[in-house]
Amino acid sequence: MKILVTIKRVTDYEAKLQIDSSGNKIKLDGVNMIANPFDEIAVEEALRLKEKHDGEVCVLSIGTADATQQIRAAMAMGADRGILVKTDNPLDCTALSQVIAHVAGEEKPDLVFMGKQAIDDDSHQVAEMVAERMGAPQATQAYKVSVEGDWVTVVREADGGLETVSVKMPCVVTSDLRLNEPRYASLPGIMKAKKKPLDERELSTLGLSIKQSMTIQKLELPPTKTTGEMVPDVQTLVSKLHDVEKVL
Amino acid sequence: MPAKAGIHPRVVMPAKAGIQNRPQDILDTSLRWYDNILERFGMSSAEHRLLRQTLQNFVAKEIEPGALERDQKEHFDLNLFRKLADLGLLGITAPEIYGGSEMDAVAAVITHEELAYSDPGLCLAYLAHAMLCVNNLAVNASESQKKTYLPKLCSGEWVGCMAMSEPDVGTDILGMKTSAKRIDNHYVINGRKMWITNGVLDASGKPADITYLYAKTGEQISTFIVTPDCEGFSVGQKIMGKTGMRASSTAELVFENAKVPVENLVGEEGDSIKHMMRNLEIERVTLAAIGLGIGKRCLDIMIGYANERKAFGKPIAAFGQIQQHIANSYAEYQAASAYVYQTAQSDMSRLNSDGVKLIAAPMAKKVADSAMQVLGGNGYVSEYVAERLWRDAKLLEIGGGTLEAHQKNISADLLKRGGFESCGDRF
């Protein structure tokens, strides 16, 4: 089976982010960048499926040339080849789904495996849009994945408990946090990754008319937490909540 | 690696309830970007960078959580050690055909620096295996010996050690007493070896699966591969009560008419000095790399703490005396790091492999000392890690060549050359 896994290059969750002077961008200078952790989980699951059912794992990233680092890292884990669609302008969810669906149309994978969301903007929309554009079924937030014949069975974590969904390939599946623990790249894996094919294309050469439907006007850092205060009794608590915090 | 969304197993300090003003996470200020400096000077390739990232993830998740306990219990964790094989680290420099990863000295330095960032003791056990034993065999053994021993050493099925020092002989290797005498198809070995890292693998006294042994054949020194089934070979004692590097086990080995088959001789009789010369550089450069790991960790510790801890109403980082510790430590770490990586990259001469250890070992001890000083009382207790690294750092001034031995070698080399200019290319 052929699996296409998407990887987004995102800021390290440990990084202390600052807003650019323009007010609508994060300062990326000197910030450590990583692969979106949900995407790493998707890579791991794709590799496990490949080990079981044979086939090929291809990783796709959309972004600046630096994203080759994240693609190589996935190759070091065991992915067979990579595609980078290069663009210096960040794309919104609509545009991303357009590009991914386009590449999927060319590659014709049995399975498009994506992280359920990226940890930078947490949109949680792209995979759903990709499935729609491909006219393919989707099973999101996978907690467990198994393949039998043309069918993928996904156990997903829903609000009320676990839900089991079966979808026919080709389809789109997204990973949740507890699906697996991604393996470490081994040294031989790292050396092999160097020689694996990585196809770099400019976004403009895909012949798509990209329409961004969202622009970022302004970014703000979350408010800083003030230290808590001990109150002697419930009465004081209630009056504080009412008079000072004005939440009651 | 899992759970990166928020619950990543980063290296964090345990928080103690009820104590005010204690940093919850004093490692928040990461020094990782320093690695980029190396890359800017072309000293680290994309593969090296990926190796370092992988190791940082691995170390945070697998090594750091038990480091304190391994130190306190003087416990060499064989299962954890074997996990290093999954990453291809146990035969990092050995040829691929024997199960190794065939990486260069820079990769070996990165690996030691990152392992020592968390647990220098475990890293020392790793060094004894991968550098002193595996790399030695890969460089000096015959094809059939490599075929027999390397695959199992690279896979972690076997653990190796190297035995040179003796109870009464260290730096002065030609004075070693252990002797090997050929009788028919065997060598009969007598003597004792001391301070052998990995010489014993568990509390029951199980010896290493492979002991790479030096012994005198007449006036010269010869190299032998000794396996546990060798009659007359035993572990004398597991050496307890070491100051530091307590996550590695250290042994005295005893040879009483020990019978070693002739095919276990490495090379020819009297080849040992040649063997040692071939392996010495990487041994010392990686020992120096342990110093780098200690230095880097201690910088992380003191910077994080200085930002969090307050005195007289402001963070202690605002005081010049604290800044002096941080700034000096940083510059000394960088100087040592530049020397170690440059040597690993381009000039693995005996002169510089002595030089890097002479610089990096005292740097590690001094930076660890600064970290303890910045942390005050907290620096003096195990929970805050610095004191463990301070104890570990001391070993680097003694093991694998004392500082005095490095000084002796360097000055002998320089005096023989008659000048500094002939010591290698400069920029």
Side-chain angles (χ1 to χ4, degrees), chain A residues 10-16 29-45 65-66 68-77 115-120 122 124 141 175-196 198 225 227, chain B residues 1-12 20 25 27-37 39 45-62 83-94 96 99-104 107-108 110-111 130 154 307:
Chain A
V10 297
T11 51
D12 191 341
Y13 47 84
E14 285 184 44
K16 282 191 177 140
D29 202 28
V31 174
N32 194 33
M33 303 294 285
I34 59 169
N36 175 36
F38 290 109
D39 297 345
E40 278 188 338
I41 294 170
V43 171
E44 174 63 36
E45 199 64 19
D66 291 336
T68 49
Q69 283 172 20
Q70 279 64 40
I71 296 176
R72 291 279 178 212
M75 288 173 167
M77 286 169 70
K116 70 169 181 177
Q117 67 197 79
I119 60 160
D120 49 0
D122 282 324
H124 203 309
Q141 287 142 271
S175 59
D176 211 334
L177 192 63
R178 281 166 285 275
L179 178 59
N180 59 48
E181 279 197 22
R183 69 194 66 187
Y184 299 104
S186 71
L187 266 178
I190 289 171
M191 297 310 281
K192 273 186 211 140
K194 203 159 59 165
K195 295 172 198 133
K196 290 179 178 172
L198 203 171
K225 264 192 202 163
T227 43
Chain B
M1 254 163 90
K4 283 196 166 154
I7 46 168
H8 181 62
R10 53 209 286 214
V11 181
V12 290
Q20 298 286 310
D25 177 5
L27 288 174
D28 221 27
T29 322
S30 171
L31 289 181
R32 279 181 198 175
W33 61 272
Y34 294 154
D35 302 339
N36 301 347
I37 293 175
E39 197 158 12
S45 65
E47 287 71 43
H48 290 135
R49 189 192 172 88
L50 198 50
L51 168 64
R52 193 186 290 278
Q53 278 173 355
T54 303
L55 279 162
Q56 285 175 348
N57 287 333
F58 178 82
V59 163
K61 192 178 155 214
E62 310 282 347
K83 281 191 188 171
L84 299 174
D86 299 340
L87 277 74
L89 295 176
L90 292 185
I92 184 166
T93 54
E96 256 182 85
S101 296
E102 217 170 316
M103 292 284 277
D104 60 357
I110 290 171
T111 303
C154 292
N307 272 329

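Since the structure is predicted, the reported quantities are computational estimates derived from the model, not experimental observations. Numbered from 1 within each chain, the chains take letters A, B, ... in sequence-line order.
- Heavy atoms of A76(A) lying under 4.5 Å from chain B belong exclusively to its side chain.
- Here E47(B) pairs with I190(A), M191(A), K194(A), S45(B) under the side chain to side chain contact (heavy atoms under 4.5 Å, CB included) rule; sequence neighbours left out.
- Atom OG1 of residue T93(B) and atom CG of residue L187(A) lie 10.5 Å apart, to the nearest 0.5 angstrom.
- Of the inter-residue distances, the one linking S186(A) atom OG with L51(B) atom CG reads 10.5 Å to the nearest 0.5 angstrom.
- Side-chain contact check for R49(B) versus R72(A): every heavy-atom pair is 4.5 Å or farther apart.
- Scored by the salt bridge (Lys or Arg N to Asp or Glu O under 4.0 Å) test, E45(A) finds no partners at all (sequence neighbours excluded).
- Across all non-hydrogen atoms, the minimal contact from L50(B) to A73(A) is CD1-CB, 3.6 Å.
- With rounding to the nearest 0.5 Å, the separation of OH in Y184(A) from CG in N57(B) is 6.5 Å.
- For P188(A) against L87(B), the heavy-atom pair with the smallest separation is CD-O, 4.1 Å.
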